[in-house]
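In this chain, residues are counted from 1 in sequence order. Ligands are counted one by one from 1 in listed order, and the atoms in each one are counted from 1 as well.
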Amino acid sequence: MHVVVLAAGQGKRMRSVLPKVLQPLAGKPLLAHVLATVRGLGAQSLCVVYGHGGEAVRAALDAPDLAWALQAEQLGTGHAVQQAVPHLPETGPVLVVYGDVPLISADTLKRLVEAAGPQGFSLLTAEFADPGGYGRIVRDAQDRVLRIVEHKDASEAERAIREINTGILCCPAERLRGWLARLTNQNSQGEYYLTDVIGLAVEDGVTVQTAQPSHDWETLGVNDKLQLAALERIYQQEQARALMSAGVTLIDPARFDVRGELVCGRDVEIDVGCVFEGRVELADGVRIGAHCVIRNARIAQGATIHPFCHIEDAQVGAESLIGPYARLRPGTVLAEDVHIGNFVEVKNSVIAAHSKANHLAYVGDADIGSRVNVGAGAITCNYDGANKFRTIIEDDVFIGSDSQLVAPVRVGKGATLGAGTTLTKDAPAGQLTLSRTRQQSLPGWQRPVKQKKTES
Ligand code: UD1
Ligand code: MG
């Protein structure tokens with residue numbers, strides 16, 4: 001099977017510099033959704049028809065399996081498919097889909113292609129209560145498809161027809177070429193309609209089969225930001241539905257967004273307002289508190305992420321407790337039972353089991369052993385303004401509050417840093433290291449007393 005994707009529409013109603021088919025749905029361009037779906041069908045060739053100014057589309061989504069056909073002027077859907085003809089094989093079924101209809105499913109397309117068979121013609125149609133604007137399917141007394149009439153060209157009687165053309169069709173390449181060559185633009189819009197191919201096929205004695213989408217919303221197109229938001233909600237509801245069917249607890253499926261792939265184990269619970277991006281894995285028993293943003297991360301069994309955490313390119317170990325208000329940046333690898341508390345930032349650091357940084361700390365470019373306690377306000381000074389250096393903290397260390405560890409530096413096993421220490425040299429194992437002036441009290445010292453102002 002060969003696929004032609006129509007994507008030459010400018011999308012003026014988006015009122016955006018970004019071409020319509022690059023507008024993101026669930027974090028991914030509309031056209032990328034369609035390409036992913038048709039690639040899943042195992043298409044032998046894929047041709048995208050792009051429009052004037054659509055170089056950005058090509059640049060954003062080019063891939064070795066794609067052919068690009070420029071439609072310099074938008075003269076209609078039939079004209080658009082004509083631009084793809086040089087890229088089509090001599091024979092074989094051709095599936096035409098739209099780049100701005102992102103939710104079309106592989107199941108629906110498979111049924112459409114099967115309905116056509118190797119030599120036949122099939123159309124994806126739907127029954128809409130309000131068919132206004134769509135092309136209508138005109139059938140004969142035996143219910144056979146005769147032709148499609150565009151809304152603008154339709155009579156009153158034809159406008160009463162509720163079966164509409166979704167625009168998606170499948171027909172043999174060898175016949176399509178001839179039909180496209182016979183199209184004219186003698187219609188109310190002065191365009192070459194792809195839909196006129198149906199009438200020509202029927203004239204040639206071809207029976208046009210129809211198939212229906214699994215869900216009507218699969219055929220919805222995007223023209224403006226309102227429709228984009230509406231499809232985003234449908235997409236998110238579907239993800240939520242699939243996850244809940246697989247046993248995930250979503251406190252409110254309407255307040256949940258996956259912009260990528262979310263893989264969940266058993267008994268995972270996700271509170272409201274969370275956003276998952278890239279590939280995120282939540283193992284058995286993981287709990288995610290409200291309003292977390294988690295991107296490209298693995299959260300191991302039984303870990304709890306409290307509300308308002310931001311986690312990116314990180315791994316969280318089993319039974320760990322993160323947040324509220326924690327930030328795990330790229331390169332964070334936490335072993336089991338690690339506690340990262342409020343206003344703690346961790347970056348490019350490995351923290352071994354049972355260690356804790358519970359309050360207001362920065363751990364960057366550090367290797368931290370097991371059972372380490374990082375006190376409130378402790379900071380690894382990993383950057384001298386030009387280069388970055390590592391801090392090594394061995395097992396069972398206690399870092400006193402408000403300490404600064406000026407990297408490169410090492411704290412030996414079992415060492416204690418006194419509160420407020422500025423560590424610039426390695427701290428030996430097992431000892432107390434501190435760097436602060438000795439505390440003193442001055443007996444007899446008195447506070448200054450405010451002087452009375454003399455009148456002048
Ligand atoms: C088309 C169908 C109509 C169907 C409707 C479904 C025709 C003549 N009509 O109408 O029967 O009910 O879709 O939504 O086909 N495009 C190009 N180049 C062009 C024109 C369009 O690439 O010159 C692309 C658009 O970017 C879009 C798709 O083709 O992805 C459909 O175009 P659109 O203008 O929305 O067609 P409709 O008039 O809505
Ligand atoms: Mg349209």
Side-chain angles (χ1 to χ4, degrees), residues 3-14 19-23 25 29-31 33-35 38 47-54 57-58 68-85 95-104 108 112 123-128 130-138 145-154 158-159 161-169 171 176 179-180 183-201 208 210 212-213 216-224 227-228 231:
V3 179
V4 175
V5 186
L6 301 190
Q10 290 171 305
K12 275 194 200 133
R13 280 176 280 166
M14 283 288 173
K20 175 160 81 171
V21 292
L22 289 185
Q23 298 282 333
L25 181 126
L30 294 173
L31 180 56
H33 285 270
V34 177
L35 292 176
V38 294
C47 179
V48 180
V49 181
Y50 69 107
H52 178 70
V57 176
R58 189 170 176 164
W68 295 86
L70 174 67
Q71 186 193 23
E73 253 189 304
Q74 281 193 50
L75 304 179
T77 49
H79 179 258
V81 176
Q82 266 167 359
Q83 311 313 301
V85 163
L95 174 67
V96 177
V97 295
Y98 290 177
D100 59 357
V101 179
L103 301 186
I104 190 74
T108 293
L112 180 71
L123 263 184
L124 190 69
T125 72
E127 291 262 345
F128 284 0
D130 177 13
Y134 288 95
R136 309 296 209 286
I137 310 296
V138 181
V145 174
L146 284 181
R147 61 193 173 89
I148 294 177
V149 59
E150 287 305 295
H151 180 90
K152 284 184 182 149
D153 303 298
E158 287 165 339
R159 285 187 181 183
I161 299 171
R162 287 174 43 206
E163 187 184 12
I164 62 97
N165 172 34
T166 66
I168 297 170
L169 56 80
C171 64
L176 180 63
W179 294 324
L180 288 172
L183 292 180
T184 70
N185 62 353
Q186 305 303 303
N187 52 54
S188 66
Q189 301 187 79
E191 289 184 1
Y192 295 90
Y193 290 166
L194 177 62
T195 46
D196 285 349
V197 157
I198 284 87
L200 295 173
V208 176
T210 55
Q212 280 68 47
D216 284 346
W217 47 254
E218 289 180 28
T219 67
L220 295 176
V222 177
N223 295 302
D224 57 28
Q227 290 170 339
L228 183 62
L231 288 205

- Task: Find all atoms of ligand 1 within a distance of less than 4.0 Å from any non-hydrogen atom belonging to Gly135, and give their numbers and elements.
- Result: 3 (C), 4 (C), 11 (O), 12 (O)
- Task: Please could you name the atoms of ligand 1 that Thr77 approaches to less than 4.0 Å, counting only its heavy atoms?
- Result: 7 (C), 8 (C), 15 (O), 20 (C), 21 (C), 29 (O), 31 (C), 32 (O)
- Query: With atoms numbered from 1 as shown, which atoms in ligand 1 lie under 4.0 angstrom from a non-hydrogen atom of Tyr193?
  - Reply: 8 (C)
- Proximity of Ile164 to ligand 1 by residue part, where a heavy atom lies under 4.0 Å: neither
- Message: Against Thr166, only a single residue in Leu112, Val101, Thr219 fulfils side chain to side chain contact (heavy atoms under 4.5 Å, CB included); can you say which?
- Response: Thr219
- Message: Looking only at distances, can you tell me whether any N or O atom of Gly9, backbone or side chain, sits closer than 3.5 Å to an N or O atom of ligand 1?
- Response: yes
- Message: Below 4.0 Å, non-hydrogen atoms only: which portion of Glu150 touches ligand 1? Side chain, backbone, both or neither.
- Response: side chain
- Task: Indicate, as side chain, backbone, both or neither, the part of Ala8 found under 4.0 angstrom from ligand 1 when only non-hydrogen atoms are considered.
- Result: both
- Message: Would Thr195 count as being in polar contact with ligand 1, using the rule that some N or O on each side must be under 3.5 angstrom apart?
- Response: no
- Query: Between Gln71 and ligand 1, is there a nitrogen or oxygen pair with a distance under 3.5 Å?
  - Reply: yes
- Taking only heavy atoms of Ala80 into account, list the atoms of ligand 1 that are under 4.0 Å away from them. 17 (C), 18 (N), 22 (O)
- Do side-chain atoms of Asp196 reach the backbone of Leu200 as a donor and acceptor pair under 3.5 angstrom? no
- Spatial distance of atom CG (Leu169) from atom CD1 (Ile148) [nearest 0.5 Å]: 7.5 Å
- What is the distance from atom OH of Tyr192 to atom OG1 of Thr77, rounded to the nearest 0.5 Å? 12.5 Å
- Task: Say whether Gly167, considering both its backbone and side-chain N or O atoms, lies within less than 3.5 Å of an N or O atom on ligand 1.
- Result: no
- dist Asn223:CG -> Lys12:NZ (nearest 0.5 Å) comes out at 12.5 Å
- Message: If we check side chain to side chain contact (heavy atoms under 4.5 Å, CB included) with Val48, which of these qualifies: Val4, Leu31, Val3?
- Response: Leu31
- Would you indicate whether the side-chain heavy atoms of Thr125 and Gln212 approach each other to under 4.5 Å? yes
- Item | Sub-4.0 Å atoms of ligand 1 with respect to non-hydrogen atoms of Thr166 | 6 (C)
- Task: Could you tell me whether some N/O pair between Val49 and ligand 1 is separated by less than 3.5 angstrom?
- Result: no
- Message: With nothing but distance in play, are any N or O atoms of Tyr98 less than 3.5 Å from an N or O of ligand 1?
- Response: yes
- Give a yes/no on ligand 1: does Leu75 have at least one heavy atom closer than 4.0 angstrom to it? yes
- Subset of ligand 1 atoms that lie under 4.0 Å from at least one heavy atom of Leu6: 22 (O), 24 (C), 29 (O), 30 (O)
- Query: Is Gly76 near ligand 1, meaning one of its heavy atoms is under 4.0 Å from it?
  - Reply: yes
- Just how far is it from atom CD of Gln227 to atom CD of Gln23, taken to the nearest 0.5 Å? 12.0 Å
- Message: I need the atoms of ligand 1 closer than 4.0 Å to a non-hydrogen atom of Gln74, numbered in the order shown.
- Response: 18 (N), 19 (C), 20 (C), 23 (O)
- Task: Mind checking the CD-CG spacing from Gln83 to Leu75? Nearest 0.5 Å is all I need.
- Result: 8.0 Å
